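Accompanying notes for the structure given below.
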Amino acid sequence: MRYAIIGAGLAGLTTALEIRRADADATIDVFEATDRIGGKLLTVPFESGRVDMGAEGFLFRRQDAVDFFQSLDLGESIVHPSGLRSILYSGDQATTLPTGGVMGIPGSSEAVAHLVSPETAARIDAEGDAEPIDWKIGGDVNVGKLVRERYGDEVVDRSVSALLGGVYSCTADDLGLRATIPELADALDILAKKGQKVTLSGAVRSCEFARSKAPSSADPVFGAFAGGFAQLYEELAEQSGADIYLDVFVSAITRDEDGFMFTGAEAPYDKLVLATPAPTTALLLKSLAPEAGETLKSVKLANSVVVGMKFDSEEGLPDNSGVLIATDQDGVKVKAFTFSSKKWPHLAHQGGALVRASFGRFGEDEITRADEDDLVDWALDDLKTITGFDGREAGLSEIYTQRWFGGLPRYDENHLATVARVRELIAEVDGLEVTGAWAGGVGIPAVIADAHAAVARLVG
Ligand SMILES: Cc1cc2nc3c(=O)[nH]c(=O)nc-3n(C[C@H](O)[C@H](O)[C@H](O)COP(=O)(O)OP(=O)(O)OC[C@H]3O[C@@H](n4cnc5c(N)ncnc54)[C@H](O)[C@@H]3O)c2cc1C
């Protein structure tokens, strides 16, 4: 059997490995547009060690992902964060993140009292007495719109968007509730199904209650690889035994009785997996499943930039994992900082510090194209404003700037319905599968799980 996979990111490489595991004799060819494998996973060699410039950690509480890494013999390389907390910069002050609530959405004013005005605090506490939410069971709504309507703008701009933005590179106004915080959408469903009054505070409190009853785990929440994510993508490529063709931008695919064919392929393939970002996948589906392609076009991508900086001294850098920035904070250009050498003990360097500055949310495309010198200046200025740490004085010895054009798909309130429809249409085309961050979730465990499911359907 001959398999072609388009895209050598995490989804494509996981797909290649899983096909190999299911079919030892298969011909597996992976076609990648750029000159490297890994996609949004990118480990770069700083003089002081390897540092990730894309994803920097994964949810260790996802046992399926941990089992997968162990099956690759990577278990021994998994490392964990220091446990230092992140801080929030809002109202010109570095303060604590909201306590409790769900993704910055509070169940009572207590969680965000240090961030919002007394009027907003009172409004949160009175939300249970307001008119119920007109909630459609199983549906989705815009996170920003819902929280603005129920609690007001401050909660969205100072808390929810800062937290969601750290994961999705979007503000709450560009994201769907079920698409990004499914436990809260489920809690709203339950209130509606039970015929109880549907309120945001009620749903958040039931999430908090469910969490308090869940068995506690001593396991760390996050993990990473001691040698960076390169360990993962290199291992996937190696163990898959696939032939990987770099610098092949696949632009159109056709299918006839002999199989799938495209420029760059020497002979037709029996089966095809598209493991590319949504807009590219939409394009590649044009002649294979036109309606699926048209539907998928609606998924847009958020650009971002990561600037990695190595300082000779860490004196004055606070003992925190990083900082998230409120979206209504004036005078600051970064979206977040990760104090990598504080967050990850394996990146701690004697007498030095590693800091990652992240810029750009959905729609903020100008900043992604800014000059490197400007980006570094903004990062140093903002770091000083927020923490007092003077990076220029500390000695900036290394810089790496990574622009992520189309870094993350936007999971808006139509996203889940779009993906469901695309999957339905793809299922009608024999031998074709799609997978990737747009399909089953942006987090690393979700991308791996989606690729596993695609291979299970394909290989049967
Ligand atoms: C800055 C950043 C930080 C992140 N941090 C985290 C984190 O800490 N934890 C976490 O869990 N997740 C994180 N993520 C998300 C996670 O990294 C991604 O969701 C995941 O790596 C996406 O994998 P993928 O294979 O679906 O897509 P991609 O990595 O985008 O791979 C798709 C591949 O297809 C190739 N391609 C595109 N078009 C074509 C074509 N026409 N022909 C051939 N090849 C093509 C691309 O070049 C690319 O290599 C982060 C993402 C970004 C951008």
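Numbering of ligands and ligand atoms starts at 1, following listing order. Everything numeric in this text was worked out from a predicted model, so none of it was measured.
At distances below 3.5 Å, not a single donor-acceptor pair connects side-chain atoms of Gln239 with backbone N or O atoms of Glu235. Panel note: side chain Arg361, backbone Cys170; no donor-acceptor pair is recorded below 3.5 Å. Not one N or O on the side chain of Asp157 forms a donor-acceptor pair closer than 3.5 Å with the backbone of Thr327. With Arg61 contributing its side chain and Asp219 its backbone, the two residues share a donor-acceptor pair below 3.5 Å. For Asp371 (side chain) and Asp373 (main-chain N/O), no donor-acceptor pair under 3.5 Å exists by modelled atom type. Panel note: side chain Asn320, backbone Gly322; no donor-acceptor pair is recorded below 3.5 Å. At least one donor-acceptor pair under 3.5 Å links the side chain of Ser287 to the backbone N or O of Ile253. The backbone N or O of Ser340 sits nowhere less than 3.5 Å from a side-chain atom of Thr338 that would complete a donor-acceptor pair.
Near Ile6, meaning under 4.0 Å from one of its heavy atoms, ligand 1 places the atoms 42 (N), 43 (C). Atoms of ligand 1 lying under 4.0 Å from at least one heavy atom of Ala33, given by number and element, are 39 (C), 40 (C), 42 (N), 43 (C), 44 (N), 45 (C). Atom numbering of ligand 1 starts at 1 in the shown order; those under 4.0 Å from a heavy atom of Gly443 are 11 (O). Near Gly436, the atoms of ligand 1 lying under 4.0 angstrom from a non-hydrogen atom of the residue are 26 (O). Residue-ligand proximity, Gly7 to ligand 1, at heavy-atom distances under 4.0 Å covers atoms 33 (C), 34 (O), 35 (C), 44 (N). Under a 4.0 Å criterion applied to the non-hydrogen atoms of Ala437, ligand 1 contributes the atoms 19 (O), 22 (C), 26 (O). Residue Gly407 approaches ligand 1 through these ligand atoms, each under 4.0 Å from one of its heavy atoms: 53 (C). For ligand 1, the atoms lying closer than 4.0 Å to a non-hydrogen atom of Val248 are 42 (N), 43 (C).
A distance of 6.0 Å or more separates the ring centres of Phe222 and His80. Ring centers of Phe225 and Phe69: under 6.0 Å apart, within the cut-off. Side-chain rings of Phe311 and Phe389 approach one another, their centers coming within less than 6.0 Å.
Selection from Ser251, Ala11, Pro277, Gly54 by nearest heavy atom to atom 37 (C) of ligand 1 gives Pro277. Taking each of Ala446, Gly57, Ala275, Gly39 in turn, the one with a heavy atom nearest to atom 10 (C) of ligand 1 proves to be Gly57. The closest non-hydrogen atom to atom 51 (C) of ligand 1, taken over Leu408, Thr15, Ile5, Asp450, comes from Leu408. If you check each of Thr280, Val250, Leu284 against atom 42 (N) of ligand 1, the one with the closest non-hydrogen atom is Val250. Comparing Ala55, Gly360, Gly166 by heavy-atom distance to atom 17 (O) of ligand 1, the nearest is Ala55.
Ligand 1 lies nowhere less than 4.0 angstrom from a heavy atom belonging to Leu59.
The shortest N/O to N/O separation between Glu32 and ligand 1 falls below 3.5 Å. For ligand 1, the polar-atom distance check against Lys40 finds a nitrogen or oxygen pair separated by under 3.5 Å. Considering backbone and side-chain atoms alike, Val442 places an N or O below 3.5 Å from some N or O of ligand 1. Of the N or O atoms in Glu56, one or more lie within a sub-3.5 Å distance of an N or O in ligand 1.
Heavy atoms of Phe31 found under 4.0 angstrom from ligand 1 belong exclusively to the backbone. Looking at Ile444 against ligand 1, both its backbone and its side chain come within 4.0 Å, counting heavy atoms.
Scanning the protein heavy atoms around atom 1 (C) of ligand 1, the nearest turns out to be Trp404 CD1, 3.4 Å. At the top of the distance list for atom 31 (O) of ligand 1, counting protein heavy atoms only, stands Gly9 CA, 3.4 Å. What sits closest to atom 36 (N) of ligand 1 on the protein, heavy atoms only, is Thr276 CG2, 3.7 Å.
Taking the side chain as every heavy atom from C-beta outward, Ile6 and Val248 never approach each other to under 4.5 Å. Residues Arg423 and Arg457 are in side-chain contact: their nearest non-hydrogen atoms beyond the backbone lie under 4.5 Å apart.
Atom 5 (N) of ligand 1 lies below 4.0 Å from at least one non-hydrogen atom of the protein.
Geometrically, Arg36 engages Tyr233 in a cation-pi contact defined by less than 6.0 Å to the ring centre and at most 45° from the axis.
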